[in-house]
*Asks:* 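Just passing along the structure, written as structure tokens.
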Amino acid sequence: MILCMDMDAFFASVEQSANPHLRGKPIAVIGAKERTVVVTSSYEARACGVKTGMSKYEAMKACPHVTMVTASTGKYTYISTEINKYLRTITPEVEVYSIDEAFLDISKTEINPVDAAYMIKSYVKKTFNITCSVGIGPNKLIAKMASGVNKPDGFYMVEPDEVIDFIDSFELGDIWGIGRRLAKRFRELGIFTPKDLRDFGQERLEEMFGIYGTRLYKMVCGQYADGVVSEEPPVKSIGHSMTMPVFLNKREEALNYLLQLSEMVSARARKNGFAGKTVHLTIRDTQMGNIGKRKTFGFFTSATHHIYEEAVNIFDEIWDETPVRLLGVTLGNLVSEYVALTNIMDNFQKYPQLYDAIDKINSKFGKNTVSYASVLNCKRIGAKTISPAWRPEGTRNVEFTPD
């Protein structure tokens, strides 16, 4: 059997647990102190109409007595890491799906699935004074959907012979992996329920969607081929993006952030033993439009100065002086177990010693203890936002800088 553990309003619950004055009150967790959107909200705030993605002004209009709390990324990643350590005491077959969600395959253990669920719920509550919901099913799809049935602090188990009835209790758009947009397309074809989609037939779905049609048919039959993946898949790129605290209108301001992002990317590459030969730059404007471009080196590198130089070249090519809302820098085309910090074209040949000194100091005294002087001109320094790709270990384990 597969278990899906899903934390309940994770960020908001952590904040309420840490601050007794926030318990039982509507709170909205926002990404930063400057203009921002709601990352998540407590159940009390959700009852008032506060939703993820709202601006903080929209949230205050929906719920005038809501309390805004700036996200404490380091706190959330620490708790997530500790919870996942505990999950691996139950079974090594754990897939971290996101910072607040994980799948466990306990089929190779002798632990009763119900006992495992309540062990997890008890640990989370006793250790961190927050709650999680656990769903159990014969596969990841059913376990995932079961985890949402009795939220918050819920538990629900679906036996193999109950799968079809369980699937049919949901609207088509509520099935994990189908979603509202695809459900709308099916409604236009007169397909409203999982049973309707089964009756529509696998062959016709395959004609419309190819291989994905087969997957859709099996999903509404309660079948799901993907198992729990406990090992981190190979990393294809290392990237960081940052929403600017104020819109950037000047090239010099943008270059300060490009240097900071290049160093963040380089530091992770150096730490995890990667080098790459492609740099991709993303620029988002104030109207949420994105432009980007990638360039390939003639060599592999892990070095900040190489990444930054190419990022600046791309920026100068594609920026049309429209105010910048977000910048992103990514190093791709990676090779592992290879760190390259200089090449024969560099005038300064002691870059390896320089980067080694920077890494040792920052490792001992904290991130950004040593950085580039122009980075100090940035109004935001360090990673603040938890990417969906974040994981508690490995290359995707990003360290966060508090505000």
*Asks:* Ion pair present between E82 and K85, side-chain N to carboxylate O less than 4.0 angstrom?
*Replies:*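 A salt bridge links E82 with K85.
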
*Asks:* So, S133 and D6: side-chain donor and acceptor under 3.5 Å apart, yes or no?
*Replies:*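 S133 vs D6: no donor-acceptor pair found between side chains.
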
*Asks:* Kindly give the heavy-atom pair with the smallest separation between R268 and G239, and that separation in Å.
*Replies:*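 Of all heavy-atom pairs spanning R268 and G239, the closest is NH1-O, 3.3 Å.
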
*Asks:* Using modelled atom types and a 3.5 Å cut-off, is there a donor and acceptor pairing between side-chain atoms of R187 and backbone atoms of F192?
*Replies:*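 No, R187 side chain to F192 backbone: no donor-acceptor pair under 3.5 Å.
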
*Asks:* Would you call the rings of Y156 and F166 parallel, tilted or perpendicular, taking 30° and 60° as the class edges?
*Replies:*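 It falls in the parallel class, under 30°.
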
*Asks:* Are any side-chain N or O atoms of T91 and backbone N or O atoms of D105, one a donor and one an acceptor, separated by less than 3.5 Å?
*Replies:*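 Yes, because the side chain of T91 sits within donor-acceptor range (under 3.5 Å) of the backbone of D105.
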
*Asks:* Do you know which of R215, K218, K140 makes side chain to side chain donor-acceptor pair (under 3.5 Å) with Y224?
*Replies:*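 Single side chain to side chain donor-acceptor pair (under 3.5 Å) partner of Y224 among R215, K218, K140: R215.
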
*Asks:* Can you see which heavy atom on L326 is nearest to which on V324, and at what distance?
*Replies:*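 That closest heavy-atom pairing would be O-CG1, 3.5 Å.
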
*Asks:* Is any side-chain N of the basic residue among E15 and K75 closer than 4.0 Å to the acidic one's carboxylate O?
*Replies:*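 A salt bridge links E15 with K75.
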
*Asks:* Using distance alone, with no hydrogens and no angle criterion, decide if D196 and T193 have a side-chain donor and acceptor under 3.5 Å apart.
*Replies:*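 Yes, because at least one side-chain N or O of D196 sits under 3.5 Å from a partner of the opposite role on T193.
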
*Asks:* At what distance, to the nearest 0.5 angstrom, does CD1 of I314 lie from CD1 of I291?
*Replies:*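 Separation between the atoms: 11.5 Å.
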
*Asks:* Looking at residues at least two apart in the chain, or sitting in another chain, which of them share a side-chain contact (heavy atoms from CB on, under 4.5 Å) with A303?
*Replies:*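 If we apply the side-chain contact (heavy atoms from CB on, under 4.5 Å) test to A303, skipping adjacent residues, the hits are T301, H305, H306, L341, Y355.
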
*Asks:* Indicate yes or no for a side-chain donor-acceptor contact from S266 to the backbone of S262 under 3.5 Å, with no hydrogens or angles considered.
*Replies:*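 Not confirmed, S266 side chain does not pair with S262 backbone.
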
*Asks:* Say you draw a straight line from OH of Y372 to OG1 of T304; how long is it, rounded to the nearest 0.5 Å?
*Replies:*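 Going from OH on Y372 over to OG1 on T304, the span is 4.0 Å.
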
*Asks:* Does C132 form a side chain to side chain contact (heavy atoms under 4.5 Å, CB included) with K121? I'd like the steps, not just the answer.
*Replies:* CA-CA 6 Å; C132 66; K121 289 171 64 65; 3.9 Å; yes

*Asks:* Indicate yes or no for a side-chain donor-acceptor contact from Y257 to the backbone of K379 under 3.5 Å, with no hydrogens or angles considered.
*Replies:*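 Side chain of Y257 to backbone of K379: a pair is present.
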
*Asks:* Can a side-chain donor-acceptor contact be found between S13 and D8 if the only test is distance below 3.5 angstrom?
*Replies:*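 On atom types as modelled, these side chains do not qualify, holding no pair under 3.5 Å.
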
*Asks:* Determine yes or no for a side-chain-to-main-chain donor-acceptor pair under 3.5 angstrom, with R23 supplying the side chain and S17 the backbone.
*Replies:*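 Flag set: sc R23 to bb S17 pair under 3.5 Å.
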
*Asks:* Looking at I79 and I130, what are the two nearest heavy atoms and their distance?
*Replies:*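 In this case the closest contact between I79 and I130 is CG2-CD1, 4.3 Å.
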
*Asks:* For I106, does its backbone N or O pair with a side-chain atom of T109 as donor and acceptor, under 3.5 Å?
*Replies:*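 Answer holds: yes.
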
*Asks:* Run the side chain to side chain contact (heavy atoms under 4.5 Å, CB included) check on V14 and M7 step by step: do they pass?
*Replies:* CA-CA 10 Å; V14 169; M7 303 302 300; over 6 Å; no

*Asks:* Any donor and acceptor pair, going by atom type alone, linking the side chain of R294 with main-chain N or O of T278 inside 3.5 Å?
*Replies:*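 Between the backbone of T278 and the side chain of R294 there is no qualifying donor-acceptor contact (under 3.5 Å).
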
*Asks:* Mind listing the closest non-hydrogen atom pair of I120 and Y86 along with its distance?
*Replies:*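 Smallest interatomic distance, heavy atoms only, reads CA-CE2, 4.1 Å.
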
*Asks:* Please report the interatomic distance CZ(F128) to OH(Y78), rounded to the nearest 0.5 Å.
*Replies:*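 The CZ atom of F128 sits 5.5 Å away from the OH atom of Y78.
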
*Asks:* What residues, two or more places apart in sequence or in another chain, satisfy side-chain contact (heavy atoms from CB on, under 4.5 Å) together with H21?
*Replies:*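 Partners of H21 by the side-chain contact (heavy atoms from CB on, under 4.5 Å) criterion, ordered by chain and then number, come out as N19.
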
*Asks:* Report the relative orientation of the aromatic rings in Y76 and F11; use parallel for angles under 30°, tilted for 30 to 60°, perpendicular for over 60°.
*Replies:*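 Rings of Y76 and F11: parallel, as their planes differ by under 30°.
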
*Asks:* Distance under 6.0 Å and angle within 45° of the ring axis: does K277 meet both against F300?
*Replies:*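 Yes, K277 lies over the aromatic ring of F300.
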
*Asks:* Would you say Q16's side chain and L22's backbone share a donor-acceptor pair under 3.5 angstrom?
*Replies:*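 Yes, because the side chain of Q16 sits within donor-acceptor range (under 3.5 Å) of the backbone of L22.
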
*Asks:* Take the angle between the ring planes of W319 and F315 and call it parallel below 30°, perpendicular above 60°, tilted in between.
*Replies:*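 Parallel.
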
*Asks:* Atom CE in M264, atom CD in Q260: separation rounded to 0.5 Å?
*Replies:*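 Result: 6.0 Å between the selected atoms.
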
*Asks:* Are the side chain of N377 and the backbone of E253 linked by a donor-acceptor contact shorter than 3.5 Å?
*Replies:*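 The answer is no, because no donor-acceptor pair under 3.5 Å joins these two groups.
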
*Asks:* Regarding T40 and R46, is there a side-chain donor-to-acceptor distance under 3.5 Å anywhere?
*Replies:*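 A pair is found: one side chain offers a donor N or O, the other an acceptor, under 3.5 Å apart.
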
*Asks:* Once you round to the nearest 0.5 Å, how far does CD1 of I2 lie from CG of N139?
*Replies:*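 I2 CD1 to N139 CG: 7.5 Å, rounded to 0.5 Å.
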
*Asks:* I'd like to know if the side chain of N84 and the backbone of S80 have a donor-acceptor N/O pair within less than 3.5 Å.
*Replies:*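 Yes; judged by distance alone, with no hydrogens or angles, the pair exists.
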
*Asks:* If you round to the nearest 0.5 Å, how far is CZ of R180 from CG of L172?
*Replies:*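 Separation between the atoms: 10.0 Å.
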
*Asks:* Between R251 and D316, is there a side-chain N and carboxylate O pair less than 4.0 Å apart?
*Replies:*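 Result for this pair is yes, salt bridge flagged.
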
*Asks:* If you look at every heavy atom in A143 and C4, which pair is closest and at what distance?
*Replies:*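 Closest pair (atom of A143, atom of C4, distance): O-CB, 3.5 Å.
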
